[in-house]
Amino acid sequence: MALVDLSATEQRAKLNAREVTAVELAQAYLARIAAKDGEIGAFLRVTGEAALAQAAEVDRKRAAGEPLGLLAGLPVAVKDVLCQQGELTTCASRMLEHFRSPYDSTVVAKLKAADAVLIGRTNMDEFAMGGSTENSAFQPTRNPHDLTRSPGGSSGGAAACVAAKMAPLSIGTDTGGSIRQPAGLCGCVGLKPTYGRVSRYGLVAFASSLDQVGPLASTVEDTALLMEAIAGHDPRDSTSLPVESPKFSQTVNQPLKDLRIGIVPEHFAAGLDPEMEAAVRGAIEVYKSLGAKIVEVDLPHGKYGVAAYYVIAPCEASSNLSRYDGIHYGHRASEPAVEAELAAERAEALARGDKAAAEAVESTLVRLYRRSRTEGFGAEVKRRIMIGAYALSAGYYDAYYLKALKVRRLIRQDFDRAFSQVDLILSPVTAAPAFKLGKLVDDPLQMYLVDLYTVTANLAGIPAISLPCGMSKSGLPLGFQLLAPPLEEERLLRGARMCEEKRKS
Amino acid sequence: MPDYTTIIGLEVHVQLATHSKLFCGCSTRFGAEPNTQTCPVCLGLPGALPVMNAEAVRLAVMTGLALDCEIPAYTKWDRKQYFYPDLPKGYQISQYDLPLTQKGRLEIRDDKERFASKEVRITRAHLEEDAGKSSHDEAAGKGDSLIDLNRTGTPLLEIVSEPDLRNSLEARAYLDELKLLLTYLGVSDCNMQEGSLRVDANVNLHIETPAGKVATPIVEIKNLNSFRAVERALDYEAQRQFREWEETGKKLGEAPKTTRGWDDVAGKTKAQRSKEESADYRYFPDPDLAPVRTSPEQLAKARAELPPRPAELREQLTREHKLSPYDAGVLVNLGRPVLDYFFAVVAKCGDAKAACNWITQDIQRTLKYRDREFAELNLPAERLGELIALVAKGELPTARSREVFEAMIDSGDDAHSVMQQLGIGAVDESELIALCQELLAANPRVVDDVKNGKQQAIGALIGQAKKKNPNADPARIRELCLELIAKM
Amino acid sequence: MAVSRQDVEKAALLGRLLVSPDELEHLTAQVAEILAYVEQLGEVDTTSVEPMAHAVELVNVFREDKVAPSLPREAALANAPHHNEQGFLVPAVLGE
Ligand SMILES: [Mg+2]
Ligand SMILES: [Zn+2]
């Protein structure tokens, strides 16, 4: 079996047993990337040289008997939305095409401290806005299972690189399903932690109250390993939970006893692809066979999740993206071109004899902002900025933003009630397997509805995991999702591992 | 000409005296090279997150308490959104509907009683971050502006008054009292030159017309660089608004609120070009910051730790130390260190009036003359107390006390050694009587003059007495001479 | 609430974006469709429901007032599109 076919946990054992070196492992992945990524496009940049140097350092430390971190020698791919000192951090946007971060995000710092080998930066929807990775300003990413289809998004590169065995472990972010949906569509495992469990410091914000960083991997065990390395309280993030983080890798193989799993009848209503439904019901059967009790639960406000999400997320995004103005960093439009454009507008107004219009032409500074941002952002980002600016503007705040925040609380209360009856909730993660590239590009609303099963976990701040449960006849991965109460990632991982183990046997 | 009342409300921004910025560890020190006190957080770099400075919140709560504000149990942080080059995030973290403190008051008074003491209501005092500075950089060419973000993220307390002020005198008194309070609390250095204290004024007029009272549109005045500028601008603006009302008849509500900048050289307010969009700040709660809950216990503790306010100190000085309100005011205005000095002097000598006179007159005069700060005064409070006590006991003639005082400052010695060096001693009463008898015997004409009712003739003897004995107290010489002549 | 072209133009100004005349119609329709979908929130009875602005209900998260090192100026200005080694340069700020 080739090195890249092993799980990260298996590779770790080989590294520890000195059967393989970190440099050999890194070389194996770099070779795999060189062979495969041309057609997939999961990476925006492969940092081969730095990765090999890091790997060599791990090997040196090991030889010298120095203490090693949890991920010592394991390659990790990082979504291009987490700042890494001295590296480009583009968020797949023209706006930040040349932005080199002067600091490390906490997650990147933790990976470095864990002696991980940072192998490259993965593609995504621009500023994590989208569900197909087609909103990247630089390239689309293709689904390794079918190159004509999307890997999902926004962490499409993160999921595709794991699915194509170009990295054993990868870091994604999830604001409305951006880890779980691509994991589902690419057939890997993806965990969105409890809000506040993993630091957001250095994560370029999309919607601050929804964003979470999380692990993607090919097995639940590997997911637990990576989660253990990145979780924990961070005093630099005011929304980071001041609690100890468990050693997930040490408990993931312990099955849960007397497991009660909740299912929501509405989740299996019209709109769910029959093959997908069958696969998810198959997962339910797996749990039944393991002795779990299946309980119907009610999440009455779940159906408003997408609506609430598409108010809250654009409102926060419109504000978070105000900093990209081309003044202090980021793309700036050509100043002479802006001057010329304004002069032409004034001249045109004067030629019409409209003096007032000529005087009303905006200042160079205002137009420079507008032109820079218009050039720097892609269509979806601009759409969301405008929706957010509109929904927060005078007269609309209560009807949109405040209303959405209230519905958000009801959604959270639904979960609290449901989790008083069950340990985990099981649901589809997407309504259908991977869709064709280009299919939803200019239909934003349909694209938003892709998040149907995933957004409520973000709104409620609870952890959720997506994992495979079969393949469609046409060879596309099918997946399902488990949700748990806040801070119960350990339960989630152990529960997911039970299914994974049973399905393997 | 109809009567009108000027209606004034003030917005004061003060920089809080923290070491580090509101959301990051960058220094708040003034005067550093441009852009040397910035980090990912205050540069608004992608991914950077704010964490609230506890000291800024503590100082803001303390100020709120000192202004008799309510401190709500729950407060939160909001984003005020607008684009400006000195605002790197595209929003300012501030407070919108739930400020840290609200509904307070500040009493203002005038020593010269040009207006009656009154209470000015405080609408709110909320915490927010400062913006950076933009300056026109001719050297850079093309008329570009240079942006310095050192100040970005410095904690500011915005103190908003109700429109309770009626003229520039009251506005000045409000600012003086507010500054004094902030200085006594130690929450800000209130240095206007360095921008630690900034004032915006909202002004309009209520005009009595035969048809009833008419209000003019509200004008916000900016660029007020000193308290004197505030006074001048308010006086100017009241007259300007009245003229404008006479010309246009525009009333409140018929024209939008406008902003005018004060031009100190021209002595005029000038219309400012309005921002290019209708101000729509799209406030919403900052998702990056946790709200603040203040418990009654925390508040009680903060209240107990609140240092005495200037108004309380003035009251203490008049009640306990029997100083006149005027003296108490002058003393408190000199600041906390001087006041502490005063208390130490009184503790030593027991004479508050004398201590007040020495401190507010002699010490101030000598500092001014020597061009020194109070902190550089080479005279510990105990020594001044001793000097006052020596005078009171009659051991040091009043006539020579100033001379001793100056010598003490020059030499750094105590009163006793200085008196020894100068040969100053108390003069025995019998010695004085003998001196007076000798003088009267030598000057029969003076005696005659006095007997004939010309008491001022004694003056001629006093000079001679001082020559014979420099320690002789002129007042006592005068008294003794008159007594002796009466007995003749 | 029907969304007009003027609303979209105003939102574009607030967000400091430009919408060309030929994009305006398409964009207005898209924004209108999304907002129409969002209007279903109106069905939910939210009387006496507290808004939930944060996913976790933390309060009183503070840091100590301690000075930490700043970035070297070179690093602070490194990503600036236009600077003079001392500060960020922008076209003249009007008004003040
Ligand atoms: Mg303010
Ligand atoms: Zn800073």
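Lettering follows sequence order; numbering is per chain, from 1. Excluded from the calculations below are hydrogen atoms, water molecules and symmetry mates; all remaining heavy atoms, backbone and side chain alike, are included.
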Subject >> Heavy atoms of other groups near Q40(C) CD, more than 12 under 6.0 Å >> reply: yes
Subject >> Atom of A2(C), atom of Y390(A) and distance for their closest heavy-atom approach >> reply: O-OH, 4.5 Å
Original post:
Non-hydrogen atoms of chain C under 4.5 Å away: do they reach the side chain of Y448(A), the backbone, both or neither?
Top reply: side chain
Original post:
What part of E74(C) lies closer than 4.5 angstrom to a heavy atom of chain A: side chain, backbone, both or neither?
Top reply: neither
**OP:** Please examine the side chains of E43(C) and Y304(A), heavy atoms only from C-beta on, and report whether any two atoms are closer than 4.5 Å.
**Re:** yes
**OP:** State the NZ-CE distance between K406(A) and M52(C), to the nearest 0.5 angstrom.
**Re:** 15.0 Å
**OP:** Let me know if D325(A) has heavy atoms under 4.5 Å from chain C in its side chain, its backbone, both or neither.
**Re:** neither
Subject >> L365(A) versus P91(C), closest heavy-atom pair with distance >> reply: CD1-O, 4.0 Å
Original post:
Do you know the tightest heavy-atom contact between V38(C) and A307(A)?
Top reply: CG2-O, 3.8 Å
Original post:
With only heavy atoms counted, which part of H98(A) is less than 4.5 Å from chain C, the side chain, the backbone, both or neither?
Top reply: backbone
Original post:
R332(A) and L89(C): which non-hydrogen atoms are nearest, and at how many Å?
Top reply: NH2-O, 2.9 Å
**OP:** Against chain A, label L58(C) side chain, backbone, both or neither, depending on which of its atoms sit under 4.5 Å from a heavy atom there.
**Re:** side chain
Original post:
Considering only heavy atoms, which portion of S319(A) lies under 4.5 Å from any heavy atom of chain C: side chain, backbone, both, or neither?
Top reply: neither
Subject >> Heavy-atom pair of closest approach, residues L410(A) and D45(C) >> reply: CD1-O, 3.9 Å
**OP:** Just give me the residue among S208(A), G326(A), S318(A) that pairs up with chain C most often, heavy atom to heavy atom, under 4.5 Å.
**Re:** G326(A)
Original post:
Contact part of R412(A) toward chain C, heavy-atom cut-off under 4.5 Å: side chain, backbone, both or neither?
Top reply: side chain
Original post:
What part of P486(A) is in contact with chain C, defined as an atom under 4.5 angstrom from a non-hydrogen atom: side chain, backbone, both or neither?
Top reply: neither
**OP:** With a 4.5 angstrom heavy-atom cut-off, could you sort out which part of L41(C) is near chain A: side chain, backbone, both or neither?
**Re:** both
Subject >> Separation between CE of M386(A) and CG of L27(C), rounded to the nearest 0.5 Å >> reply: 4.5 Å
**OP:** Go through the atoms of Y103(A) and report whether side chain, backbone, both or neither lie under 4.5 Å from a heavy atom of chain C.
**Re:** neither
**OP:** Check each atom of Q30(C) against the heavy atoms of chain A and say whether the ones under 4.5 Å are side chain, backbone, both or neither.
**Re:** side chain
Original post:
Roughly how far, to the nearest 0.5 Å, is the OG1 atom of T374(A) from the CD atom of E23(C)?
Top reply: 8.5 Å
**OP:** Pick whichever of P81(C), A75(C), G15(C) has the most heavy-atom pairs under 4.5 Å with chain A.
**Re:** P81(C)
Original post:
Is it the backbone or the side chain of H26(C) that comes under 4.5 Å from a heavy atom of chain A, or both, or neither?
Top reply: side chain
Subject >> Contacting moiety of L459(A), where chain C heavy atoms sit under 4.5 Å >> reply: backbone
Subject >> Under 4.5 Å from a heavy atom of chain C, the part of I327(A) involved >> reply: both
Original post:
By a 4.5 Å heavy-atom criterion (distance strictly below it), what part of V19(C) contacts chain A: side chain, backbone, both, or neither?
Top reply: side chain
Original post:
Just by modelled atom types, is the V44(C) backbone N or O under 3.5 Å from a matching donor or acceptor in the K403(A) side chain?
Top reply: yes
Original post:
Where does S238(A) contact chain C at under 4.5 Å (heavy atoms): side chain, backbone, both or neither?
Top reply: both
Original post:
Which atoms of V338(A) come close to chain C, meaning under 4.5 Å heavy atom to heavy atom: side chain ones, backbone ones, both, or neither?
Top reply: neither
Original post:
Considering only heavy atoms, which portion of A379(A) lies under 4.5 Å from any heavy atom of chain C: side chain, backbone, both, or neither?
Top reply: neither
Original post:
A308(A) versus chain C, heavy atoms under 4.5 Å apart: side chain, backbone, both or neither?
Top reply: both
Subject >> Structural part of Y37(C) lying under 4.5 Å from a heavy atom of chain A >> reply: both
Original post:
Given side chains that start at C-beta, do those of L14(C) and S393(A) come closer than 4.5 Å, heavy atoms only?
Top reply: yes
Original post:
With a 4.0 Å cut-off, would you call R16(C) and E362(A) a salt bridge?
Top reply: no
**OP:** Find out whether L18(C) and R367(A) are in side-chain contact, i.e. whether some heavy atom of one side chain is under 4.5 Å from a heavy atom of the other.
**Re:** yes
Original post:
Taking the side chain from N79(C) and the backbone from H328(A), do they hold a donor-acceptor pair closer than 3.5 Å?
Top reply: no
Original post:
For the residue pair H54(C) and R408(A), what are the closest heavy atoms and their distance?
Top reply: C-NH2, 4.2 Å
Subject >> Contact winner vs chain A - L77(C), V49(C), L17(C), heavy-atom pairs under 4.5 Å >> reply: L17(C)
Original post:
Which answer fits A78(C), side chain, backbone, both or neither, if we ask what part of it has an atom under 4.5 Å from a heavy atom of chain A?
Top reply: neither
Original post:
Out of I411(A), L368(A), D442(A), L321(A), which one racks up the most heavy-atom pairs below 4.5 Å with chain C?
Top reply: D442(A)
Original post:
Counting only heavy atoms not in E25(C), do more than 12 fall under 6.0 Å of its CD?
Top reply: no
